[in-house]
There are 2 protein chains.
Amino acid sequence: MPPTKVKSAEVPIAATRQHKADAKAAVHPPAKPRPITRIQREKQDLILEAALEVFSLHGFRGATIDQIAEVAGMSKPNLLYYFPRKEEIHRRLMGELLVTWLAPLREMDENGDPFSEIRSYIRRKLEMARDFPRESRLFANEMLQGAPRIIEMIEVDLKNLVDEKAKVLLTWMDQGKLTRTDPYHLIFSIWATTQHYADFDVQVRAVLGPGRGGEGRFEDAARYLEQLFMFGLTPKTRA
Amino acid sequence: MPPTKVKSAEVPIAATRQHKADAKAAVHPPAKPRPITRIQREKQDLILEAALEVFSLHGFRGATIDQIAEVAGMSKPNLLYYFPRKEEIHRRLMGELLVTWLAPLREMDENGDPFSEIRSYIRRKLEMARDFPRESRLFANEMLQGAPRIIEMIEVDLKNLVDEKAKVLLTWMDQGKLTRTDPYHLIFSIWATTQHYADFDVQVRAVLGPGRGGEGRFEDAARYLEQLFMFGLTPKTRA
DNA sequence: AGAAATTTTGACCAGTTGGAAAAATGTTAG
DNA sequence: CTAACATTTTTCCAACTGGTCAAAATTTCT
């Protein structure tokens, strides 16, 4: 269970200090590839992990650089050496997150059996809610505020993926393998029901009480959701 | 469509100024009933309405008293005259909100027909997501942060209500009128699927696109959810 | 080792924030 | 009309915020 490790590819070296040596470096950008040291990657990951913790709990505005720095175990100026501004941290975090976040949907295979594909999708999403609740909350936080910093990603990447999968669902419906219904709202309902267990965790625990609010709640949820999405609430034997 | 007007009952007169006349007033608390002027009530409602707007958008920490005051059309010190601290505003807002928020569930009648009761509940919750999205987001914001300011209310009022209604659902299941399943997770799934349309509104609109993201989305959602909760995704005519 | 580059620190700053104090301005009952 | 009270405005402040900067400490490279 990796804590965060979403993906650390193209690390554009946090705006490497450019003071006096500016003249040279800035004028010949392609000349200096700037290798990216081991320390840089490690520290950046450390910061992103800390930022995930803090942002997911307080939202962008509510989180402070000091808090993030403290969680990351470094001083504020030191943190700012790697990410010159707060928004930069958030942007990176969201960008990497979205990829992970959509992976389960991406895996839904149009050549598989409709029901087992949907069931797997629900299960994977539920596992993510269980194992990566901070990521879920970070995402929810951003959405609640109108997604000001990631709206383009939502409108492009996410929309395209959903459009594509909606088509797959429609095909299955055409083949009579699935009740004919709205594929978009179907996807929304899967998102909503699964992410609920991460985003509203406090409420879920409080309502279930100490008895049933333990770790078993995810298995109960999985069982219930499978029932719901397969057959709804209509009993098989009519009363 | 009342903008907010959740409920303005027991208004404990925002800590009426107590400076020099303190001696008298403070020593004989039960002596002076303090009538609560019309202006006080009006201004307090104005502030709460503004606070709802701001808190729901930025969360507790992200919202500033200045912003709230500006939306309410008054100066910050003036606002602080009615609510001596930021947290006070939030507390009042959440307290009144919870009552409205739970009303739909409270209405679920154990003597009614199970399916029409559940259907009505879903419809009412969906209407609330449509007509009171700010309230929904305020609530979601608080939940995301671990409900630090309303955890007791959740653990008592909300839990009791859910326990009560879960019993009703169980009775219905015992009578064979409803598939036997987990009543708590059933309620969670109704909350999640309906509130999603308020809390993740930006995402819903973005994914549906300009064509289907208009006002019709709530009717589409209602239709889909009815289908889902009634029969799930299994087609009637097996392919 | 020693020079060059990278990383870390400490001091600092300007703008914002929640909130206090008191003076100034209504409002109203006698 | 005016004293008593309610409301509003002005001024102010200490703590916090995001961010800068130069110097010091450390690491890396030759």
Side-chain angles (χ1 to χ4, degrees), chain A residues 11 13-22 24-25 31-47 50-51 54-55 58-91 149, chain B residues 11 13-26 31-47 50-51 54-55 58-91 149:
Chain A
V11 181
I13 187 174
T16 307
R17 203 59 156 293
Q18 294 178 316
H19 291 178
K20 292 132 192 197
D22 223 288
K24 288 191 294 267
K32 288 213 164 189
R34 301 293 185 120
I36 299 165
T37 69
R38 167 189 50 86
I39 290 182
Q40 282 176 338
R41 173 147 311 159
E42 282 177 7
K43 289 297 170 82
Q44 287 190 356
D45 284 353
L46 204 65
I47 292 169
V54 179
F55 279 139
H58 303 293
F60 182 76
R61 287 211 50 190
T64 72
I65 299 183
D66 285 285
Q67 279 177 84
I68 299 172
E70 199 198 320
V71 174
M74 63 179 75
S75 68
K76 178 169 63 171
N78 196 187
L79 181 152
L80 285 168
Y81 169 73
Y82 293 99
F83 291 89
R85 34 204 76 248
K86 190 184 176 185
E87 229 190 286
E88 218 61 52
I89 311 176
H90 194 265
R91 190 185 310 282
R149 285 167 289 273
Chain B
V11 180
I13 187 175
T16 307
R17 203 60 154 295
Q18 295 177 316
H19 291 177
K20 292 134 191 192
D22 223 78
K24 288 191 291 264
K32 288 216 168 190
R34 300 297 183 122
I36 300 164
T37 69
R38 169 188 48 86
I39 290 181
Q40 283 177 338
R41 173 148 310 158
E42 282 176 10
K43 288 295 172 78
Q44 287 189 355
D45 284 353
L46 203 66
I47 292 170
V54 180
F55 279 139
H58 303 293
F60 182 77
R61 287 212 52 189
T64 73
I65 299 184
D66 285 284
Q67 280 177 83
I68 299 173
E70 197 196 321
V71 174
M74 63 179 77
S75 68
K76 176 170 63 169
N78 196 186
L79 181 151
L80 285 169
Y81 169 73
Y82 292 100
F83 290 88
R85 34 204 74 250
K86 187 183 177 185
E87 229 191 285
E88 220 60 51
I89 311 175
H90 194 265
R91 190 184 308 284
R149 283 166 292 271

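Note on naming: letters A, B, ... go to the chains in the order of the sequence lines (proteins, then strands), and numbering restarts at 1 for each one. As the structure is a prediction and not an experimental result, all values here were calculated from the model.
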Engineer: Nearest-Å distance, CE (B:M74) to C1' (D:dT7)?
Structural biologist: 11 Å
Engineer: Any side-chain heavy atom of B:K43 within less than 4.5 Å of one from B:Y81?
Structural biologist: no
Engineer: Does A:Q40 place a side-chain N or O at less than 4.0 Å from the phosphate oxygens OP1/OP2 of C:dT7?
Structural biologist: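 It does, given that an N or O in the side chain of A:Q40 lies less than 4.0 Å from OP1 or OP2 of C:dT7.
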Engineer: Collect all protein-nucleotide pairs involving nucleotides 25-30 of chain D in which both atoms are nitrogen or oxygen and the distance is under 3.5 Å.
Structural biologist:
{"from": "D:dT28", "atom 1": "OP1", "to": "A:R38", "atom 2": "NH2", "distance (Å)": "3.3"}

Engineer: Partners of B:H90 by ring pair (Phe, Tyr, Trp, His ring centres under 6.0 Å), sequence neighbours excluded?
Structural biologist: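 Counting only residues at least two positions away or on another chain, B:H90 forms a ring pair (Phe, Tyr, Trp, His ring centres under 6.0 Å) with B:F55, B:F60.
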Engineer: Examine distances only and state if a side-chain atom of A:K86 and a backbone atom of A:A63 form a donor-acceptor pair shorter than 3.5 Å.
Structural biologist: yes
Engineer: Run the side-chain hydrogen bond (donor to acceptor under 3.5 Å, both in side chains) test against B:E87 and tell me which residues pass, sequence neighbours left out.
Structural biologist: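 B:R91.
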Engineer: When the distance from CZ of B:R41 to P of D:dA6 is rounded to whole Å, what number comes out?
Structural biologist: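 About 16 Å, once rounded to whole Å.
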Engineer: At less than 4.0 Å, is any side-chain N or O atom of B:Y81 found next to OP1 or OP2 of D:dT8? Yes or no.
Structural biologist: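 The answer is no; no side-chain N or O of B:Y81 sits under 4.0 Å from OP1 or OP2.
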Engineer: Under 4.0 Å: is that the gap between some side-chain N or O of B:N78 and OP1 or OP2 of D:dT9?
Structural biologist: yes
Engineer: A:S75 side chain N/O closer than 4.0 Å to the phosphate oxygens (OP1, OP2) of C:dT9?
Structural biologist: yes
Engineer: About how many Å separate CD1 of A:I89 and CD of A:Q44, when rounded to the nearest 0.5 Å?
Structural biologist: 10.0 Å
Engineer: Between atom NE2 in B:H58 and atom P in C:dG18, what is the gap in whole Å?
Structural biologist: 12 Å
Engineer: Do any side-chain atoms of residues 70-79 of chain B form donor-acceptor pairs under 3.5 angstrom with protein atoms, and if so which ones, sequence neighbours left out?
Structural biologist:
{"from": "B:S75", "atom 1": "OG", "to": "B:N78", "atom 2": "N", "distance (Å)": "3.3"}

Engineer: Set out, line by line, the N/O atom pairs under 3.5 Å between protein and nucleotides 15-20 of chain D.
Structural biologist:
{"from": "D:dT17", "atom 1": "OP1", "to": "B:R61", "atom 2": "NH2", "distance (Å)": "3.3"}
{"from": "D:dG18", "atom 1": "OP1", "to": "A:A63", "atom 2": "O", "distance (Å)": "3.3"}
{"from": "D:dG18", "atom 1": "OP1", "to": "A:K86", "atom 2": "NZ", "distance (Å)": "3.0"}
{"from": "D:dG18", "atom 1": "OP2", "to": "A:I65", "atom 2": "N", "distance (Å)": "2.9"}
{"from": "D:dG18", "atom 1": "N7", "to": "A:K76", "atom 2": "NZ", "distance (Å)": "2.8"}
{"from": "D:dG19", "atom 1": "OP1", "to": "A:R85", "atom 2": "NH1", "distance (Å)": "3.2"}
{"from": "D:dG19", "atom 1": "OP2", "to": "A:K86", "atom 2": "N", "distance (Å)": "3.0"}
{"from": "D:dT20", "atom 1": "OP1", "to": "A:R85", "atom 2": "NH2", "distance (Å)": "3.3"}

Engineer: To the nearest angstrom, how far is A:Q44 atom CD from C:dT6 atom C1'?
Structural biologist: 14 Å
Engineer: Can you list everything that forms a salt bridge (charged side-chain N to carboxylate O under 4.0 Å, His left out) with A:R61? Sequence neighbours excluded, please.
Structural biologist: none
Engineer: Under the salt bridge (charged side-chain N to carboxylate O under 4.0 Å, His left out) rule, collect the residues that match up with A:R149, sequence neighbours excluded.
Structural biologist: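 Partners of A:R149 by the salt bridge (charged side-chain N to carboxylate O under 4.0 Å, His left out) criterion, ordered by chain and then number, come out as A:E142.
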Engineer: For a quick test of reading the model, state the closest non-hydrogen atom pair linking B:I68 to B:I47 and the distance between them.
Structural biologist: CG2-O, 4.1 Å
